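Take a look at the structure below.
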Amino acid sequence: MTDLSILENLNEEQRRAVVDTEGALLVLAGAGSGKTRVLTTRVAYLVKNMNVDPYNILAITFTNKAAGEMKQRVANMLGESCEVWISTFHSMCAQILFRECERIGYGKNFSIYAEAECARVLKRIMKSPSDADNEKNAKLFDTYYGHIKRIKSFNHDPKEYAEACIGESKIKKETLRLFDLYQAELKNNNAMDFDDLLINTVKLFDENPDVLERYQRRFRYIHVDEFQDTNKIQYRLVRQLAKGYGNIFVVGDEDQSIYGWRGAEISNILDFKKDFPDAKVYKLEQNYRSTAHILNAANRVIANNKKRFDKVLKTTKEGGKRVEVFNAYNDREEVDYVMRNINDLVTLAGYNYGDIAILMRANSLSRQFEEALTLYNMPYRVYGGIRFYERKEIKELLCYLRIAINPFDNESAARIINVPRRGIGDATVQKLIECAGANGTHLFDVVKNIENVDGLNAGTKQKIAGFRNLWLSLIDAAGKSDAVAFSEYVLKASGLFDMYKADEAEPDRVENLKEFVSAVNLFRKDNPGKTIEDFLRMVALISDADEIDDSNSVTLATIHAVKGLEFPVVFIVALEENIFPSSHAVIESDDNIEEERRLMYVAITRAKERLYVSSSRCRFRFNQRQNNLRSRFVQELIGNVPAKTPQTPQSEQKSTFKPAYTGAAAAKPASPAANAVDVSEYTVGRKVEHSKFGTGVIVSVSGSGNETIAGIEFENLGIKKFVVALAAKNMRLL
DNA sequence: TCCTTACTAATTTTT
DNA sequence: TTAGTAAGGA
Ligand SMILES: Nc1ncnc2c1ncn2[C@@H]1O[C@H](COP(=O)(O)OP(=O)(O)OP(=O)(O)O)[C@@H](O)[C@H]1O
């Protein structure tokens, strides 16, 4: 008898999609209807009930984190570790190319360039003196870079794109010229950007039928999650692989397509039915995530889009709290509104900080919330913005590691040749690069034979010779030692460690470098047999969303970063025209507004139990006051139903919250607890014991009365700032 | 030639 | 608030 227990957690329509295992299938369903759950269960079902070898299954997710979680879930269902290939498109391509890159003319250990590196490559090209006769003022960098990136991510033919999309003929010509130079430079560096990973994999398969056949034979069952956000090349890759067995299962929701600006094509969904004429379409109509109020709000908003299929999405959770709408007088009042509600949710309604997310359109909007959360001593994490592996000191260490593994990587070498300072300045580096270009070799060759290079004085040559010896020793070490020993060696030998250790103004940097080595250590423990090359590949593909963990902290993130996630409580903030929808979308076209609206739909549908949407009539941005209208999406969300717009926010019981910014707006008698604190006791040098952070010493005091803020330095934790009046209950003076 | 200092300009979303 | 550049001093 077959064990059907893994189907127990599914409804009837979900179950049908899971057990229909052969051929092409498309699951088209709204947010929170269990698409990901269906896909995950299907993978487990194939292994457990259909006796499919896990080796023959592929599942594509949108983020590495989603891949990790899916692996975990499948393993739980199977009761054994999951051997299925589950990863993002980019990660899959990187792994395939890593093995097969010689077939398309790349060397082993090619580097993977993120946005910042790509931009540096183009900047360097545009700056090179041999290019001086051409028009290339700095203002146009964004234009050219934008065009080049768009050509690649939309998989356009460069010439056709230039003809169709660039008006000015000078720019048209220059874009094409720079495009070729950019491509050649990446190739010369033995490097690929993110788009190259996809493009080159398709190319590999096109040009090498034997390789393609091998992968086709391997992937008998192919799955793609978040199909609405795949781009043309990714879809092409899917078709190539699915040609083998034709078992292709994709799930998506056109209402949640939010990466159109990066080349994602909703039309892939329509094309799927054309490309796989026998494809069966399944619909899921039960939403298991959100309460009725939240789901209705989402449905009302998205109904304003014209380009969509009408679909049904019914709630399974009747009732719940109504959506709260708040229009603040200014941004500070908005921040206070959010803080007050978080405080009440945690102190009165039994929520944890980890249940709460503050979602926004752009990273730059997060700062005031960060400051307030710090002020009130509420734990939080910000996702988006600079990632760990994007920090300056970490990037520099990564460059050293890369040049040891891939000595052709001019870009990385140029970045760190003078870090720490070695007296090899920009002018010299420019000369070296030109010399390499003229001889058709690499920076590495020029540095290696520096004695034979003309046009440099003896002192400079000597400095470069010193760097050469370092570089050679790094290469030598890469071949000999294991990942951990190697990265430790590079950190010390490069001089980075000493340099940042001596930098007292920024003590974090040396700590970050140590943390990097620990990360390598952990990686090797978790993945026995993997090398530093694997680690670098993994690091290059890490995304914001991957770093989201379940520590008990408020999540501060862009909506893009929380795609696919869910939170009991969601705040959507800064809902103003020109912010959300963004000014670009407002100016441009209806299509752009529709994508913004889909983003709003995604934001709303992240909420399980409570949703708060807020805006502010006036906001300080770009160093000036801005008056903004409330976002059209708020009105769409409210619809005809009169929503609650509380003047003074209401909560379950009596709020304990004391706003720091807008005392007048929510004037309440100061709470006795706050009054009871004698702030004058908190003086620099006093020792305190904090219930969470342990003992520390007060190192700064500012403000007065209830606004008094104390900076307290804790062992191993650094300095944290507290509003004494609020935090005193968690502290004891020693 | 290199490095520090001071100023200016610019800020959508990111695998 | 920061990243990138221009100018002036060593
Ligand atoms: N049959 C079911 N019974 C109970 N809960 C379910 C069922 N199916 C899904 N869920 C729950 O509903 C929530 C949403 O599921 P899931 O993330 O798979 O939906 P989704 O369609 O992929 O969402 P999104 O469109 O936002 O990516 C999850 O918490 C999941 O555990």
Side-chain angles (χ1 to χ4, degrees), chain A residues 60-67 87-94 112-116 118-120 123 127 137-139 141-142 146 149 152-153 192-199 226 229-231 233-234 257-264 359-368 370-371 383-387 390 392 417-431 455-457 459-460 463 538 540-547 557-564 574 578-588 592 595-596 598-600 602-603 620-624 626:
Chain A
I60 300 290
T61 58
F62 196 74
T63 63
N64 297 298
K65 180 176 180 251
S87 74
T88 64
F89 274 111
H90 288 88
S91 170
M92 173 183 81
C93 290
I112 298 172
Y113 285 174
E115 209 60 35
C118 300
R120 287 172 68 104
K123 273 194 187 134
K127 259 196 212 149
N137 81 54
K139 284 244 162 62
F141 172 81
D142 288 338
K149 280 282 154 178
K152 293 189 80 167
S153 58
M192 299 191 198
D193 61 20
F194 284 139
D195 291 314
D196 284 331
L197 293 172
L198 307 170
I199 294 168
E226 307 279 9
D229 272 323
T230 52
N231 66 26
I233 316 163
Q234 289 167 336
S257 171
I258 54 175
Y259 283 94
W261 50 273
R262 202 177 71 181
L359 305 183
M360 56 206 85
R361 177 67 242 267
N363 289 311
S364 59
L365 295 161
S366 72
R367 193 157 66 234
Q368 287 181 308
E370 292 176 53
E371 284 166 5
Y383 304 99
I386 335 147
R387 303 197 262 274
E390 278 170 7
K392 184 166 162 287
I417 192 167
N418 202 30
V419 181
R421 298 254 124 89
R422 295 187 174 94
I424 309 171
D426 282 347
T428 309
V429 175
Q430 196 59 252
K431 256 186 212 159
L456 292 169
N457 65 44
T460 307
K463 291 171 188 161
M538 189 270 300
L541 297 172
I542 282 181
S543 74
D544 289 330
D546 299 335
E547 306 197 333
T558 62
I559 299 154
H560 285 92
V562 294
K563 176 178 159 104
N578 293 318
I579 292 179
F580 193 6
S582 79
S583 53
H584 300 259
V586 171
I587 296 162
E588 283 165 23
N592 289 301
E595 180 151 316
E596 297 282 317
R598 291 194 292 269
L599 194 58
M600 181 67 183
V602 170
F620 207 72
R621 242 166 59 109
F622 310 148
N623 261 334
Q624 54 181 340
Q626 264 184 6

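Source: prediction; values computed, not measured. FYI, side chains are in, hydrogens and waters are out, and symmetry mates aren't considered; it's all heavy atoms of this structure.
- Looking at heavy-atom distances under 4.0 Å, A:Phe89 makes no contact with the nucleic acid at all.
- Evaluation of the side-chain contact (heavy atoms from CB on, under 4.5 Å) rule for A:Lys463 yields A:Ile424 as partners, not counting sequence neighbours.
- When heavy atoms are screened at a 4.0 angstrom cut-off, A:Phe580 is found touching no nucleic acid atom at all.
- When the P atom of C:dA3 is taken as reference, atom CG of A:Asp142 falls 16 Å away, rounded to whole Å.
- Atom P of nucleotide B:dT11 and atom CD of A:Gln368 are separated by 20 Å, given to the nearest angstrom.
- Checking the phosphate oxygens (OP1, OP2) of B:dT12, a side-chain nitrogen or oxygen of A:His584 falls inside 4.0 Å.
- Among the atoms of the strands shown, base atoms are found under 4.0 Å from some heavy atom of A:Glu115.
- What separates CD1 of A:Ile559 from C1' of B:dT14 is a distance of 14 Å, to the nearest Å.
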Output a table of nitrogen or oxygen pairs between the protein and nucleotides 1-3 of chain B separated by less than 3.5 Å.
{"residue": "B:dC2", "atom": "OP1", "partner": "A:Gly425", "partner atom": "N", "Å": "2.8"}
{"residue": "B:dC2", "atom": "OP1", "partner": "A:Thr428", "partner atom": "OG1", "Å": "2.5"}
{"residue": "B:dC3", "atom": "OP1", "partner": "A:Gly423", "partner atom": "N", "Å": "3.4"}
{"residue": "B:dC3", "atom": "OP2", "partner": "A:Asn418", "partner atom": "ND2", "Å": "3.0"}

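- Residue A:Thr558 places no side-chain N or O under 4.0 Å from the OP1 or OP2 atom of B:dT12.
- Atom-to-atom, OH of A:Tyr383 to P of B:dT15 comes out at 14 Å; the value is rounded to the nearest Å.
- The distance from atom CG of A:Leu599 to atom C1' of B:dT14 is 13 Å, rounded to the nearest whole Å.
- For A:Asp195, the side-chain contact (heavy atoms from CB on, under 4.5 Å) criterion is met by A:Lys152, A:Ser153, A:Asp193, A:Ile199, not counting sequence neighbours.
- Side-chain proximity of A:Arg367 to B:dT12, C:dT1, B:dT15: nearest is C:dT1.
- The main-chain N or O of A:Ile258 is found under 3.5 Å from a side-chain atom of A:His560 such that the two form a donor-acceptor pair.
- For A:Lys563, the salt bridge (charged side-chain N to carboxylate O under 4.0 Å, His left out) partners two or more places apart in sequence, or in a different chain, are A:Glu226, A:Asp229.
- Here A:Glu595 pairs with A:Arg598 under the side chain to side chain donor-acceptor pair (under 3.5 Å) rule; sequence neighbours left out.
- In this entry the distance linking CD1 of A:Ile258 with P of B:dT14 reads 9 Å, nearest Å.
- To the nearest angstrom, P of B:dT13 lies 9 Å from CG of A:Leu365.
- Residues forming a side-chain contact (heavy atoms from CB on, under 4.5 Å) with A:Glu370 (at least two apart in sequence, or on another chain): A:Ser366, A:Tyr380, A:Val382, A:Leu556.
- With its ring centre under 5.5 Å from that of the base six-membered ring and a plane angle below 30°, A:Trp261 counts as stacked on B:dT13.
- Distance alone, capped at 3.5 Å, is enough to place a donor-acceptor pair between the A:Asn418 side chain and the A:Arg422 backbone.
- Atoms CD (A:Glu596) and C1' (B:dT12) sit 8 Å apart, rounded to a whole Å.
- Residue A:Asn363 places none of its side-chain N or O atoms closer than 4.0 Å to OP1 or OP2 of B:dT11.
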